[in-house]
Amino acid sequence: MLVSPGFLLSLGVLALAAQNAVYYTIDTIAGADPAIGAGLATTILLQDVRGVASDLAGNVYFSDTPRNRVYRIGPFGSLTPIAGTGTAGFSGDGGLAEQAMLDQPYGVAVDNAGNVYIADLGNARVRRVTSDGRIATIAGGGAELKGPRNLALDPAGNLYISDFEGHRIFRLSADGRVAAVAGTGSPGPARDNSPALTSPLAYPAGLFADASSGAIYVADSANHAIRRIAGGVIATPRILNAEAYINLPTGVCLDASGNLIIASSGFDQAVRVSPAGAAQVLARGARDVAIDGAGNLYLAAGAFVRKLPPGGLLTTLAGASGQFRGEGTRADQALLYAPSDVAMDSDGLLIADSGNHRLRRITPAGLIVTLAGDGESGSRGDGGPAQRSRLSSPRGVTADRSGNIYIADTDNHAVRKITSDGQIQTVAGAGTAGFNGEIVPAQQAQLSSPTGVAVDPGGSLYIADTGNHRVRRIIPGGYLLTMMGTGRKGFSGDGGVGLNAQLDRPLGICFDRAGNLYIADSGNHRIRKVSKEGYVSTVAGKGTAGFSGDGGAAVEARLNQPVAVSADSTGALFISDAGNACVRRVTPDGLIATIAGSGAPGFSGDGGPALSAKFEEPAGIAADAAGNVYVADRLNHRIRKLTPVASPAAPEAVKADLAVLHGATLEATAVAAGMVISLEGAGIGPVTPASGRLGPNGSLETTVSDTQVRFDGRPAPILYAQRNLISVQAPYRVFAQLSTKIEVFRQGALRAQASVSIVRTAPGIFTTGGGAGPAVAVNENGTLHSATNPASKGALLVFYATGEGITDPAGAEGRLAEPPYPAPVAPLEVTIGGEQAEVVAAGASVTGPGVLQVTVRAPSQVAAGPQPLVLTVGGVRSQRDVTVYLR
């Protein structure tokens, strides 16, 4: 039997994954959702504004994305909901927009006739609200859009759409035609002065159409760049010292003087760039930007919409100041604002309530109290009671064994300490951003936006000096010393010592009990480790933004902007994978699995399985001695608790209208990772049969003719769909689960669902007779195998199957196989006529996703004629009554 070189290792990995599987339920333990409706815009609490636009009449429009609504601010400050009920979903086309459901609306645009356009990201649609208040889908709902993020209109009435998850820019012309104008469909680095359609983009967001030049500007977020498209050619405008100003740009516009205005959301600031490339920070807080004909700049700024007139002062148009409530009350009834970190101490759970400029604690009785900060941004109070001090956007918190608490006072470029008697003092940071050398007295040393803090087992304090791309330590005598990072943004150094390694915006840090340091190296999409001996390695993430790897080695997985990491008493690591809106766990043996989050941003799931929940930028994370995991759900303004359970919640009873069948045997089945399955149910698919098609990124689309199949809330690639039958490939990530919930959606509505068990392998051979009879096979000479064209004894024979489970290298659902072809890691053998057949090769087939191609040599000792063919993978046999023919 031929197997991959990593076969024996992979078998151990599989056994350990099953042994270490942990499941969680989820609940909110702190933070509530304030009521919102119509009224004066500055008196109403908003949650997270992601898109902003204005019209000729002086109205301003914005999306409060987590609340699934779009609003209008009138010229005199009134606030009116114009679209969305506030409940995530899809409904309402043809009716009143206020009665329609949206799902994560982002960008908005307004034309001269008063029509409002909405990027309804969660529904993969662009929708239009006419001036009389009626809503309709004008793009998407099929395969062309994956995640429309932002919009821009040009003078000719063309609507430009940034497909954030599809890595393209589309143009919807006035006559309703949709065409790609930039991007290849796969994320990649910027390629300048080349045709826009052959140059990759990486999660494009904000858009601006320049009426004077006809150019289109794109906030190419994961490439940390602004791109300009003109005449079909793409280029990157020059920005001096760009990395100091531009990080994760999500909005862009151009003023009358030719200055670029950029929402640099990674730094949470609006930046102006002159035509010569000189950059200047205009304001703190920016997710999107828009400009009107008078030069007024509008900012989508977290829980606020703000306005900056030319040469004027920044004012608030919408959003109540201070999303703060609940002192000494139940924590789940309090209001938090962008909580960024959590940590355990002997008296409860600490919360860095960043937007409220406070440090708070949840007591063991479930009450919330403020420990530091009076709610105003500033820096004062050293030497006095911490409750009277001022902090500025604290983003990190930790505690030592003596009862001292340390706060990363991020916007004050300092670290503060609260002693056990409640006094506060600065222990590191001179208060101005920068870097002024090594072995400087800590209070005189410059830091740059410190974000993470951690205390090692010996009591030394470590600081994630984020803007300086370093991790630093306060050494005896009170001096500050770099422990990891050259100060130059990048990736290098694995296998060497920390001082020679490069980091890219390190955020959360933690120690395990053995004294190893772990770093959320966010810009490198990795978790790095510095051993107690001082050597650097990567323990999770392969360095490319994305989502993959569940059930396999963490170092081969893809993460997306990991922002926090925590270790529990067993040595397991918990990662806030913010860009993937989920929480992942790495076992002490190096295997990774998602434990919370469906992967779609939003808010849902309390009281149920954590894998079905939604997060909106999960941030700080901490585990307690009982195995509970606490997550700062930053943009949902909540703290969520993951409680371990022995097994997932009992699956719902399988509904009579949905049968889950093996894709090869056509029998009711449990499901193995990556296998092809068939779903049968009345009216679950389109009236006109439709085959799945490969999208621009080389993967099968997850929506076919308005039909979608979701596994635990995440869409799966569809191979074929007709009225009563859908063929789909199960995701590989289900490997780490005991069961999976399958839902079929048609035209946005749930049509059928079923819960089925997950098994390690479920091999089945494809046949010409619908599950039994002659195998679909090819002879050594390339001809189709049959009773009239049998295989010669001793000759090669190729047949096809599915259900082999996890592969090495890891499989990617929905993609056609490419070398090296993923092979089953579970033991595989074949018999023909009861005799062992030599397995020459077994790996993913180029014929279709989820198909295993097995090449065997027919045994010479078997008699001529029809003979039973049996495939065994991981000890599980394929179906009975499958035959091949020998001569």
Side-chain angles (χ1 to χ4, degrees), residues 322 324 327-328 337 339-363 368-437 439-456 458-468 472-481 509:
F324 175 80
E327 193 63 18
Y337 185 17
S340 297
D341 199 15
V342 288
M344 302 299 303
D345 76 352
S346 59
D347 295 317
L349 183 71
L350 303 169
I351 304 171
D353 192 1
S354 183
N356 281 320
H357 311 293
R358 286 176 162 93
L359 177 71
R360 305 172 82 176
R361 175 189 280 145
I362 304 175
T363 70
I368 193 166
V369 294
T370 295
L371 300 183
D374 65 2
E376 296 293 328
S377 177
S379 178
R380 74 178 190 190
D382 276 2
Q387 290 178 329
R388 298 180 186 175
S389 67
R390 285 191 175 170
L391 308 172
S392 186
S393 301
R395 296 286 295 267
V397 61
T398 194
D400 67 17
R401 294 178 180 176
S402 300
N404 301 303
I405 299 169
Y406 299 89
I407 308 165
D409 196 359
T410 305
D411 285 355
N412 281 324
H413 309 289
V415 174
R416 316 282 288 277
K417 173 183 176 181
I418 304 173
T419 59
S420 56
D421 61 356
Q423 302 295 297
I424 192 168
Q425 62 189 58
T426 297
V427 295
T432 57
F435 179 79
N436 59 348
I439 317 184
V440 175
Q443 292 175 334
Q444 299 173 22
Q446 286 183 299
L447 302 172
S448 180
S449 301
T451 303
V453 283
V455 177
D456 72 10
S460 295
L461 178 67
Y462 286 68
I463 303 165
D465 192 1
T466 305
N468 283 321
R472 306 172 80 178
R473 175 191 176 196
I474 299 180
I475 60 175
Y479 296 93
L480 200 62
L481 176 69
I509 58 177

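Given the structure is predicted, the values throughout are model-derived calculations rather than measurements.
- Note that OG1 of Thr451 and CG of Asp409 are 11.5 Å apart. Values are rounded to the nearest 0.5 Å.
- Here the side chains of Ser389 and Arg380 are not in contact, with every heavy-atom distance at 4.5 Å or above.
- In this structure, Lys417 and Leu461 have side chains that are not in contact, with every pair of non-hydrogen atoms separated by 4.5 Å or more.
- Taken to the nearest 0.5 Å, the CD atom of Gln444 stands 8.5 Å off from the CG atom of Asn436.
- Contact check for Leu391 versus Ile424: side-chain heavy atoms found under the 4.5 Å cut-off.
- For the pair Pro339 and Ile351, the tightest heavy-atom approach, listed with the atom from each and the gap, is CB-CG2, 3.9 Å.
- Each of Val397, Val342, Asp341 was scored for a side-chain contact (heavy atoms from CB on, under 4.5 Å) with Leu350, with one residue passing: Val397.
- The minimum heavy-atom distance between Asn468 and Phe435, with the atom names listed, is OD1-CB, 3.6 Å.
- No more than 12 heavy atoms of other residues, nucleotides or ligands sit less than 6.0 Å from atom OH of Tyr479.
- For the atom pair OG1 of Thr466 and NE2 of His413, the computed distance is 11.0 Å after rounding to the nearest 0.5 Å.
- The CZ atom of Arg360 lies 10.0 Å from the CG atom of Leu371; values are rounded to the nearest 0.5 Å.
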Would you please test Asn404 and Ser402 for side-chain hydrogen bond (donor to acceptor under 3.5 Å, both in side chains) and show each step? CA-CA 6 Å; Asn404 301 303; Ser402 300; 4.6 Å; no

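- A salt bridge links Arg416 with Asp382: the closest approach of a Lys/Arg side-chain nitrogen to an acidic carboxylate oxygen falls below 4.0 angstrom.
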Apply side-chain contact (heavy atoms from CB on, under 4.5 Å) to residues Ser460 and Ile475 and explain how you reach the verdict. CA-CA 7 Å; Ser460 295; Ile475 60 175; over 6 Å; no

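- Nearest heavy-atom pair across Tyr406 and Val427 is CD2-CG2, 4.4 Å.
- Expressed to the nearest 0.5 Å, how far CG of Asn412 lies from OG of Ser393 amounts to 8.5 Å.
- For Gln423, the side chain to side chain donor-acceptor pair (under 3.5 Å) test picks out no residue, with sequence neighbours left out.
- Defined by atom type and a distance below 3.5 Å, a donor-acceptor pair is missing between the side-chain atoms of Gln387 and Thr370.
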Could you walk me through whether Arg473 and Leu480 pass side-chain contact (heavy atoms from CB on, under 4.5 Å), step by step? CA-CA 6 Å; Arg473 175 191 176 196; Leu480 200 62; over 6 Å; no

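- When all heavy atoms of Gln446 and Thr432 are compared, the closest pair comes out as NE2-OG1, 3.1 Å.
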Could you check Met344 against Leu349 for side-chain contact (heavy atoms from CB on, under 4.5 Å), going step by step and ending with a plain yes or no? CA-CA 5 Å; Met344 302 299 303; Leu349 183 71; 3.3 Å; yes

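- Considering Thr426, Ile463, Thr410, Ile407 in turn, Ile463 is the only one that fulfils the side-chain contact (heavy atoms from CB on, under 4.5 Å) rule with Val415.
- Here Thr363 contributes atom OG1 and Ile368 contributes atom CD1; the two are 9.5 Å apart, rounded to the nearest 0.5 Å.
- When side chains are defined from C-beta on, Tyr337 does not count as touching Ser354, because their heavy atoms never get closer than 4.5 Å.
- In this structure, Ser448 and Asp465 have side chains that are in contact, with non-hydrogen atoms separated by less than 4.5 Å.
- In plain terms, the two heavy atoms of Ala428 and Ile474 that are nearest each other are CB-CD1, 4.1 Å.
- At a threshold of 4.5 Å between non-hydrogen side-chain atoms, the residues Arg472 and Leu447 count as touching.
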